[in-house]
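Report on the structure given below.
Reminder, nothing fancy here: chain letters follow the sequence lines and each chain counts from 1.
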Amino acid sequence: MSSETVRGRLTDGELSPQRVAGLVAAVLLAGLVLWGFAFPETQAGRFVAILTDRSTLAATLRLSVPIAFAALGGIFAEKSGVINIGLEGLLIVSAFGGVYMADVTGSVWMGLAAGIVASTLLALLFAVVCIEFRADQIIAGLAIWLIALGLAPFASQVVYGGPNTASVDTVDAIVIPGLSSIPFFGALFSATPFVYLMFGAVAASWWTLNRTSFGRWVNASGENPKALDTAGVNVTRVRYAAVLLSGVLCGFGGAALSLSIGQFVGSGSTMVNGKGFIAIVTYLFGNYNPVGALLSTMLFAGLDALQLTLQARDVFAVPQPLVRTIPYVTVIIVLALFGRTRIPKAAGEHYESGDE
Amino acid sequence: MDRFDRRTFIKGTGIAGLVGLAGCTGGPTGGGDNESGGGEETTTAGGDTTSESGGNETGNESADGGSSGGSGSDVNVGVVYATGGLGDGSFNDQAQQGIQQAESEYGISYNEAQPDEVSQFKNFQQQFASSTDPNYDLVSCIGFLQADALSEVAPQYPDQSFQIVDSVVEADNVASYVFKEHEGSFLAGQMAGMLTTSSFSAGAGSTNEEKVVGFVGGVEGELIGKFEAGYKAGVKNVSEDIQVQSTYVGSFNEPSGGKEAALSMYNAGADIVYHAAGNTGTGVFQAAQEQGAYAIGVDRDQSVTKSSYQNVILASMVKRVDTAVFNAAEAVVQGNFEGGSVTTLGLEQNGVALVYGQGLKSDIPSDVKSEVESVRESIISGDISVPSDPSNV
Amino acid sequence: MSTAVTLDGITKRFPGVVANDDVTLEVERGTVHALLGENGAGKTTLMNVLYGLYEPTAGQVYVDGEPREFDSPRDAIDAGVGMIHQHFMLVDPMTVAENITLGNEPRKWGGLAVDRDAAREQVRELSERYGFDVDPDADVEDVSVGVQQRVEILKALYRGADVLILDEPTAVLTPQEVEELLAVLEELTAQGKTIIFITHKLGEAMHAADDITVLRDGKNVGSVKADTTTREELAELMVGREVLMETDKPPAEPGAVSLAVDGLRATDERGVEVVSDVSFDVREGEVFGIAGVDGNGQAELIEAVTGLRQPESGTVSFGGTDVTDWSRRRRIDEGMAYIPEDRQERGLVMEFDLVDNAILGSQHTAPFARGGRIDWDATREHAERIVAEYDVRPPNADATSGSLSGGNQQKFIVGREFERDPELVVATHPTRGVDIGSTEFIHDRLLDLRNEGRAVLLVSSKLDEVQGLSDRLAVMYEGEVMDVVDPEAVTEEELGLLMAGEYPEGYGPESEAGDAGCVATDGEPNEATQPASNDGSEGGTR
Amino acid sequence: MSSDDTPNTETDAADSDGREPGTNTGQSDAPAAIERLVRASAVERALISVSALLLSVAVGFVLILAAGRMTTCSTAATTYFGVGFCYDPVTVYDLLFLGAFGDLSSDLINGQLATTLSQTTVLMFTGVAVAVAFRAGIFNIGTQGQLVVGALGSAVATLWASTLVSGVVGTLLLLPFGLAVGAFVGGVYGAIPGALKAYADANEVITTIMLNFVATAVALYLVQDHFQDPESVATQTVPLPEYATFPSVIFRARDDFSLVAFVVAAALLVAVYLLIERTSFGYDLRTSGIQPEAAEYGGVDAARTVVASMTLSGALAGMGGAVYVLMIIGNFQTGVPAYGFDGITVSILAGNNPLGVGFAALLFGVLKSGSIVVDVGTDVPPQLVGVLRGLIILFVAMPEFFRMIGTRVWSVRPSGSGGQPVTDGGTVADSRGDVEDDVDAESGVPTEGGERDE
């Protein structure tokens, strides 16, 4: 904003204070890791052991699934010029929808489909409100979150008599023999189908955005909708498609979240518990690149997995509630150090082609 | 006031139900029948009520007083649940089961409230206390967080009987029920410690060589600390060499966090994880099943309420909230409600107990069972004193 | 010759406004047809109708004699009509080839992928056929404005356009780039394309077009052949009355140095140096002009002077004091008035009414604020005075500034800044988009201030304006001051060369053609010889 | 020769689309004087809020009926068109909106009304906290965290100070002290994301969300490890003595509502309103909120304004936390209700006008309190109120929808230009894009707005 002109030279310079601080942090971390490798019996050593444990990667992957899907959804919406801050809400309805349908039909895959449908319907509402009725996107996104936060437990209450649903079956991990026993990376070959779906979705999203016509149009719609319009592509339609796609992707994420536990928990902030917001953080970090978003998701999820393990192993004598803040504090620090992302120029703006 | 049968299940009645009206699956039935067509397990007040229970009784008979068995009492009970709501498969559901038992045995009526914030407790309590249509004969307050509110509300309504579970409120019209969770947890720890040091295989899991067990808590606090403390003490009672890993997820509603916490422990060699984490605990069971290891449930017999995890739930540290609720209601019905009383429910009173899982109880070695039983007796007799603060273990 | 496009009785109404009123127009195939008129005359609206962006309220469009209904640009494109907007419709982060093929991407693998090789090849071929020199793989945001314009033209050609509409194509070009553009247009017409270009510069229309149609107030007031008309005739058609341009001004009486800029360097948002070692001073009682094509560092220079941008090095002195590190607020308080070039972004808060806007910049100072509290009565009075004296219409201080037309917004800003009783006025494009009467008024007031002994720093891309008003005139090119010249003596052609980075005879760093007391730059200018820069980053190399 | 650039008595048509020069276009929400308050914009905004409320009630009506068909019951609560429904929306709304006021005919100061007003009081603080940030163009989602730390700080500090004084004097000293500490702690916590935004370009939406999580965890740690009430099983601090909490005036002490706190909150709303509308600081704040470039041009130190307004916002939220402690709960307890998030919805509904916050807070106070009555009085799931809240916000976000309806119904286009959001946060100004058609009226600078500041 206003400070940018003045700030610009500080943040963009080769050796800004932030870059320096980031470098120092990286060096310190590297030092800690080296120290850990050299002296495995120390705290640092145990830390490194946890860090390089195969199960840490496995946990990271699992925790990444809902966040990564939501982040991909957020990328499509925002790249097309519609900031979708309601990802959290989409995750919530799909988490409930997934379990409900899995419960009714007994099939996890029907559940997944229902989760996607539920999320897409809510995304459609969001799209209509933002695109048709020119709603402020941020506020409408918040509304979507609030609606879902009420609606899913409401439905659960009606159907199950409480905000938490019954238990349903979950899916088993797909283990690729041989490969799954590789140290550390073996976790990549012994994971639930949702993890593989996540990788597939990241790849497909990357391809769609970078290699297909639709991806070009999404880009143009967020950067310069008028250019797209004058090139003869219907901006409204592209934006609808992108927002609905964000619904579909969030549907995968939410359903994967609840179906890998086999229950929807709707009390409090529900089982989604801020993952949709984290997703926004990660795609901003990832600079709207699906691969970047995946990596930053894994950074966050990895920290989350790490803090759970650090608690269990009593590494670093820090009170447990404080250990839990590690991922959040890390996000703040990283954001402060490398804070700037280039957001699509027309994001947040309503676009009306020609006259009405 | 209209009475509804709120425990209704339209499961198995069709996909259309999701969207609402389309299916028209529900609505007034006029007869209070249940449509429990789906043959699946339910989360209802499925009963593990007493040792003889084991089935999936749906427990949703009509709430119409008089229509069901019992003496047809016109007693009305208002229940204010703990935050977290029904369907947690443990604490609140257990309380509900107690009131439903009273319903079926004495034909009482009840009305439930599910606050979602601490600040609402007081208002809910007042709502019930001040209501005249119907007049509530008893207000059951579930959960220690209600204590402060109740200690203010109770004196305002001296003629109203209250019950509080999990805390003590000193007032003439409040019956307090507290549990010695650490005692029950000690038994859980005893069992876990013995099993992890032996070679045990049954159901979907088996123990390993490592002498490691785990504990997953919801949010740090004194109450959950009692579970952790008792459990740790129980494990150490078997052998000081056994390592107990302990993690708090920070929420009672985050099963994915519970799952990861438990997985992290299983991966570090733990084979049995005990949870005191409400909904978060579902993730612990899930993790146990995936890892071919074991878990210990809490509050209710979770091998029943979460029957899909029957093959990994060794036992549950049952906390008889239902007994507390039922007893209070019963006392009101029978006219011997005792305000100002404090009922402490420990092992001795069968207020807490270690209940072996439905799927595995026959596989647990008898030496373990007998040792657990003898430890239980030692605790009751006072030979073993169980700490209630984990930092004292 | 046949008619490529016919517009028959086009009327376009917007709520409360008639933008085009029964306009009829014929364009011959293979010609260049200029659509001449002042801002707001309805030229762009008319062309948007032809391009399918607007649906006409009444009237009929014919292309190649066929009646057409365009619902969207897609329809117009299909009919062979392409449009190059004044503000380029390009997607910055995409490459040239991606931009050109946008919406018509060649695909492969059953549509699963864009065939990028084919796209590149097609663009290269097209570019060669019309003698354009563009790199298909360059990122659009990295190429010069002139190249971007060619990309726009290629975009239309790629879609098979036979009729090309160019909206104000020369506004952002140097005189030399304009010549190149005209050569391109000639090549296009030679290959059978038809060009319609919108302009408000009558010289350009006469120079480049075969036919000229003049619009005024949404009406066609005359179509003429370029070689049979005169400038006077066109000017009268455009304005509706005879136009006198010359402003009489008494000779300057320069006093003490008010503003001194020394060795100033500044970078833009991307960290590229865009102001390179600029030095000059502005004296009391004179108008110091800065001429140059937009985007040669003027904006950043002015921001550094007015306190909106921290310079990398160098100093800015004001009234003899080094103010380089002063905040913007302090500079305002010390008497630096500033008419910003982007009035809708900076100069006015669009959602505020004029009362609120009247104290933008003096919200902390008496008489409008005392003890942190704003005196709204005094402020209202002040706003109403500005509205009255500067003829802001509608004369209603409660109107939001967003509801005013551009010219009236500008008059309000000018009024507010002049009423500060400033020591120095920094005026950037003060008459852009302002009607002729107000332009004269603003020019007169600027000269009044100068005659009262105030210093005026004037930046404008309008040569006649800077030339007419300035007492000394600096020309900027790629972040450097090429030279400071005497505006009375310099010719438009010489200025054009300087603006393009070349030294005409008699000018240069060593020459004394400008004001003897002022050194333009203290270093060598770069030896830029090509008329158009390909990237803006070489300005800093010395 | 003629001037190149001449009359522009009319802007290009596209530019004036929807604008009627000379009329107030309803864009300003910055009335500078009271007489300018009652203008089309304010009226229109209020109309939109009311319409949004009514529409969401209507949608909720359908939802209740639908839910009533999905569940089963022995007797129909209501019957429409021959179809029986288990839930009766009329009853629900009766209990929700009227129930929140209790039985006023028999007891003017009944407990339910007190609950409504006490919820309203806290929401006034968090609502105005969000509004201040919003007006400065900052999306403070961290009100919840600021409230939590403010509440904790206030509880701990007041507890300490209450050992020094007592009695009426104690009350007179301790209450301002408690509020001040809450404001200070909340302010500092709000200043962190403000400074991160101003000096490191860190997106405040993200940092404030993260800081909410951090606040909860840190508060839990601090209470548990340092300030735990040894008498209680709950994770909470020692209860404050009676004289350290808000005295109940008129209302009963047991109802946890104090008119004093309510008056303080109301006065604060007026004060913040005056601060924003009548002072130089407020001018700076509003300007940088609506149009940061213009603010900078006008000599506003953007960075400092960001930090200052976030500090102010955090301080107001922190005071809300203090009031929660000193009026409602009497100590600090983990699991603080989501007043901070509700503050966002309150502020949005109020169009970020501090005076409007009063009304919006009352509405949400009614919803919160009424939902308890609904929960006790019917079997309709109480989460319904959450859905209603979301719907209200959704509808408030789309004023264009109501304008369209208004246009159809009265076939008169309201004076407002379309697409102006009710808030000053994200902007969707409709003139954007169209302006680009205006020949030469604009500089080459694209008029892109809506840049999220990273």
Side-chain angles (χ1 to χ4, degrees), chain B residues 1-6 8-10 17 19-35 62-64 67 78 83 111-120 122-124 126-128 130-131 144-145 147-149 152-153 155-156 166-167 178 219-223 226 250, chain D residues 62-63 65-77 79 83-88 110-112 115 118-119 122 213 216-217 220-221 224 228 232-236 239 252 254-256 324 328-331 333-338 368-369 371-373 375-379 381-383:
Chain B
M1 173 199 281
D2 292 318
R3 293 198 199 93
F4 301 109
D5 177 10
R6 60 175 302 138
T8 308
F9 300 91
I10 62 157
V19 221
L21 276 173
C24 276
T25 54
T29 58
D33 302 324
N34 288 308
E35 302 184 32
S62 164
D64 279 8
S67 70
T83 54
N111 192 358
E112 302 165 305
Q114 301 182 51
D116 43 38
E117 283 169 358
V118 172
S119 61
Q120 293 179 354
K122 196 168 183 177
N123 198 274
F124 273 113
Q126 288 174 337
Q127 281 280 331
F128 282 120
S130 61
S131 167
F144 65 90
L145 286 174
D148 286 353
E152 285 186 56
V153 171
Q156 296 162 23
D166 254 10
S167 193
V178 292
V219 181
E220 294 88 339
E222 196 175 320
L223 180 74
K226 283 161 87 179
Chain D
V62 176
L63 194 66
L65 287 181
R69 287 301 297 169
M70 289 185 67
T71 190
T72 54
C73 51
S74 50
T75 46
T79 306
V83 179
F85 295 92
C86 284
Y87 306 142
D88 180 6
N110 67 71
Q112 201 59 42
T115 300
S118 72
Q119 298 296 318
V122 180
F213 288 110
T216 308
L220 174 62
Y221 158 72
Q224 195 168 276
Q228 172 69 39
S232 172
V233 187
T235 306
Q236 62 179 16
R252 282 178 283 262
R254 67 182 196 216
D255 289 332
D256 289 338
Y324 170 66
I328 295 182
I329 199 155
N331 63 0
Q333 190 177 67
T334 53
V336 180
K368 271 184 160 241
S369 164
S371 74
I372 295 174
V373 185
D375 196 7
V376 172
T378 74
D379 284 329
Q383 287 87 356

Can you tell me which portion of [X] sits under 4.5 Å from chain B's heavy atoms? Options are side chain, backbone, both or neither.
{"X": "D/D88", "value": "neither"}
{"X": "D/A217", "value": "neither"}
{"X": "D/Y221", "value": "neither"}
{"X": "D/Q333", "value": "side chain"}
{"X": "D/V336", "value": "neither"}
{"X": "D/T216", "value": "neither"}

Let me know if [X] has heavy atoms under 4.5 Å from chain D in its side chain, its backbone, both or neither.
{"X": "B/K226", "answer": "neither"}
{"X": "B/E220", "answer": "both"}
{"X": "B/V219", "answer": "side chain"}

Can you name the nearest heavy-atom pair linking D/G335 to B/V118, along with the distance? O-CG2, 3.8 Å

Looking only at heavy atoms, the pair that brings B/Q114 and D/P382 closest together is O-CG, 4.4 Å

So, taking the atom named OG1 in D/T235 and the one named CG in B/L223, what distance separates them when rounded to the nearest 0.5 Å?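 Reported to 0.5 Å precision, the distance equals 9.0 Å.
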
Would you give the length of the straight line joining atom CG of D/D375 to atom CD of B/Q120, rounded to the nearest 0.5 angstrom? 8.5 Å

Decide whether D/Q112 and B/Q127 meet the rule of one side-chain donor and one side-chain acceptor closer than 3.5 Å.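 There is such a pair between these side chains.
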
Member of D/D256, D/I372, D/I328 meeting the side-chain contact (heavy atoms from CB on, under 4.5 Å) criterion with B/K122: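 Filter result, single survivor: D/D256.
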
Heavy-atom pairs under 4.5 Å with chain B are the metric here; pick the option from D/L220, D/L63, D/T334 that has the most. D/L220

Once salt bridge (Lys or Arg N to Asp or Glu O under 4.0 Å) is applied, do any residues pair with B/E222, and if so which ones, sequence neighbours excluded? none

Taking only residues two or more places apart in sequence, or in another chain, which ones meet B/D148 in a salt bridge (Lys or Arg N to Asp or Glu O under 4.0 Å)? none

